[in-house]
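For reference, positions follow the sequence shown, starting with 1.
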Amino acid sequence: MIERLRLLNYTGGGRVTPFIMNCAVILLLISSIFTWSSALYTPERAASKKLKYLLEPPVSADVTGRSGDNVTLPCILRIKPSHYKVKWTKIEPENVGPENIIMISNAHANKPYGPLGQRASLRKAHAMDASLKLSNLELEDGGMYRCELVNGIEDESVTITLRIEGVVFPYQCKNGRYRFNFQEAKDACAEQDGILATYNQLYRAWTEGLDWCNAGWLLDGTVHYPIIHPRPVCGGELPSGIRSYGTKDKNNDRFDAFCFTSQTSGSIFYISGSFSFEQAGQSCKRQEAELASVGQLYAAWHFHNFDQCDGGWLKDGSVRFPISNPRYLCGGIPEAGVRSFGFPDKNTHVYGAYCYR
């Protein structure tokens, strides 16, 4: 067919007509398009790299635990190379900073590293098991972990997320709102048996009902606040969601804090009375206890449905009470939560005491 086109389209002098040139260009373009499309859509490029030595978690690579729990992060070998190492690390937030190595092991021995390594061990349920056991979980243990098989140029890894179950609570200075820089917010959360919350923890709290109009620091240095019911004083007519101020100056900008805490090893109880702050502390001591922190009260409310319709002193000088069964005479708010009277005069004899033991 091409030969016939040539015969029909030759003219005197051996010149090729524009028709032949156009056909050649079209054929070249079609050929290029098919070649380019094939390069883009080859199965090898579309498919993710298959693991040879490690077993990809088949359902979920998430593990959940509470403060104080023991958990296992799964990592199973499919094939055991003749010479290899397994390295467990905790991935820093946003992959900033050096790796936190927890443990390096081979077929014969293992070596722990750092603070996490002191609470870590290998499960070794069978010959192909490289799963990591963490004991006595702490709030800071939440995050992403990598199990890496080191085998020369064939290194490969799987990633597991450890989520600490807990509750996010807003916290402000006794001198009023927006008084904390970033470090002061971290310190304030630590004093209340917590840590600064992550964005994911705040988001989860928002989905569970947290609605708070004051902006607060998060662990990554950003400032946000969660809104379920939009109102003029909380961002105007913007839709519900996590409102963001973005990354702020950690030294000079000042906001409240969003703290995160988990279950505690002790228990909280209420002592009825009309105590000053000092008297409330003495009442707890007589029961071989101490005034509870805000984080401990939130943990009791969140994990044990603690419900007490009486204001009581806490360690930071605030007065609060937890409500799991909302009713009109207990704050008048239809949602469950921890109600606050703020930071009243410590010499006023009108409140009971929340003690922790």
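The pair E184-R254 meets the salt-bridge criterion, since a charged nitrogen lies less than 4.0 angstrom from a carboxylate oxygen. Remark: D141 engages R119 in a salt bridge, criterion side-chain N to carboxylate O under 4.0 Å. The existence of a salt bridge linking K124 and D129 is excluded, since no basic side-chain nitrogen approaches an acidic carboxylate oxygen closer than 4.0 Å. A salt bridge is defined here as a Lys NZ or Arg NE, NH1 or NH2 lying under 4.0 Å from an Asp or Glu carboxylate O, and D211 with R231 meets this definition.
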Dump the intermediate steps for side-chain contact (heavy atoms from CB on, under 4.5 Å) on V86 and N106, then the final yes or no.
-> CA-CA 6 Å; V86 172; N106 57 26; over 6 Å; no
Determine, step by step, whether I102 and L116 satisfy the side-chain contact (heavy atoms from CB on, under 4.5 Å) criterion, reporting the C-alpha distance in whole Å, the side-chain angles of both residues, the deciding distance to 0.1 Å, and the verdict.
-> CA-CA 6 Å; I102 304 169; L116 265 175; 3.9 Å; yes
Take L132 and L122, measure what side-chain contact (heavy atoms from CB on, under 4.5 Å) needs, and give me the verdict at the end.
-> CA-CA 5 Å; L132 187 74; L122 294 182; 4.2 Å; yes
Residue pair Y53, N151: steps toward the side-chain contact (heavy atoms from CB on, under 4.5 Å) verdict | CA-CA 10 Å; Y53 296 102; N151 181 36; 3.5 Å; yes
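Within a 6.0 Å radius of CH2 in W206, more than 12 heavy atoms belonging to other residues, nucleotides or ligands are found. Counting non-hydrogen atoms of other residues, nucleotides and ligands closer than 6.0 Å to CD of E288 gives a total of 12 or fewer. Enclosure of atom NE2 in H83 is not indicated, since only 12 or fewer non-hydrogen atoms of other residues, nucleotides or ligands lie within 6.0 angstrom. Applying the 6.0 Å contact sphere to CD of E278 captures no more than 12 heavy atoms from other residues, nucleotides or ligands.
Looking only at side-chain heavy atoms (C-beta outward), R243 and P230 come within less than 4.5 Å of each other. For the pair E140/I195, a side-chain contact is recorded, criterion being any heavy-atom separation below 4.5 Å from C-beta on. I76 places a side-chain heavy atom less than 4.5 Å from the side chain of S131. Counting only heavy atoms from C-beta outward, the side chains of Q192 and Y298 never approach each other to under 4.5 Å. A 4.5 Å side-chain heavy-atom check between F306 and I268 finds at least one atom pair inside the cut-off. Contact check for Y356 versus S293: no side-chain heavy atoms found under the 4.5 Å cut-off. Between C355 and Q287 the shortest side-chain heavy-atom distance does not fall below 4.5 Å. With contacts defined as side-chain heavy-atom distances shorter than 4.5 Å, the pair F258/W212 qualifies.
Checked against the 6.0 Å centroid criterion, the rings of H224 and Y245 do not qualify as a close aromatic pair. For F277 and W313, the ring centers are positioned less than 6.0 Å apart. Checked against the 6.0 Å centroid criterion, the rings of F182 and F255 do not qualify as a close aromatic pair.
For D69 and Q263, the side-chain atoms include at least one donor-acceptor pair closer than 3.5 Å. Under 3.5 Å, the side chains of N181 and Q183 contain no donor-acceptor pair of N or O atoms. For the 3.5 Å distance criterion, the side chains of R204 and T207 fail to qualify, holding no donor opposite an acceptor.
We find the CG-NZ distance between L149 and K52 to be 11.0 Å, quoted to the nearest 0.5 Å. The CG atom of L54 lies 9.5 Å from the CD atom of E148; values are rounded to the nearest 0.5 Å. Considering CZ of F321 and CG of D307, their distance stands at 9.5 Å, rounded to 0.5 Å. Taking NZ of K346 as the reference point, atom CD of Q279 lies at 14.0 Å (rounded to 0.5 Å). Rounded to the nearest 0.5 Å, atoms CG (L314) and OH (Y354) are 8.0 Å apart. The distance from atom CG of D193 to atom OG of S67, rounded to the nearest 0.5 Å, is 7.5 Å.
Remark: the backbone N or O of V350 is not paired with any side-chain donor or acceptor of T348 at under 3.5 angstrom. Without hydrogens or angle criteria, K315 side chain to G281 main chain gives no donor-acceptor distance under 3.5 Å. A distance-only check finds no donor-acceptor pair linking the side chain of T89 to the backbone of I91 [under 3.5 Å]. The closest donor-acceptor contact from the side chain of Q118 to the backbone of P115 lies at 3.5 Å or more, if one exists at all.
The nearest pair of heavy atoms linking I227 to C234 is CD1-CB, 3.7 Å. Closest of all the heavy-atom pairs between G331 and R339 is CA-NE, 4.3 Å. The two residues I333 and P326 make their nearest non-hydrogen contact at O-CB, 3.6 Å. When all heavy atoms are compared, the tightest approach of A205 to V168 is CB-CB, 3.8 Å. Of all non-hydrogen atoms in P344 and F341, the two that sit nearest each other are CD-O, 4.2 Å. Contact between I160 and P74 at its shortest, heavy atoms only, is CD1-O, 3.3 Å.
Cluster partners of I101 are I104, Y113, counting Ile, Leu, Val, Met, Phe, Trp and Tyr whose side-chain heavy atoms approach within less than 4.5 Å, directly or via other members.
For R163, there are no side chain to side chain donor-acceptor pair (under 3.5 Å) partners, not counting sequence neighbours.
Linking ILVMFWY residues whenever their side-chain heavy atoms come closer than 4.5 Å, directly or via other members, leaves L55 and V150 in distinct clusters. Under the 4.5 Å side-chain heavy-atom criterion for grouping Ile, Leu, Val, Met, Phe, Trp and Tyr, I242 is connected to Y225 within one hydrophobic cluster. Cluster annotation: Y203 is connected to L196 through the hydrophobic network of ILVMFWY side chains, with a link wherever side-chain heavy atoms come within less than 4.5 Å. The hydrophobic cluster containing I323 does not contain F303, counting ILVMFWY residues as joined when their side-chain heavy atoms lie under 4.5 angstrom apart, directly or transitively.
Among the candidates D256, N214, D316, the single residue satisfying the side chain to side chain donor-acceptor pair (under 3.5 Å) test with Y171 is D316.
Annotation: cation-pi geometry not satisfied between K174 and F343 (NZ/CZ under 6.0 angstrom from ring centroid, within 45° of ring axis).
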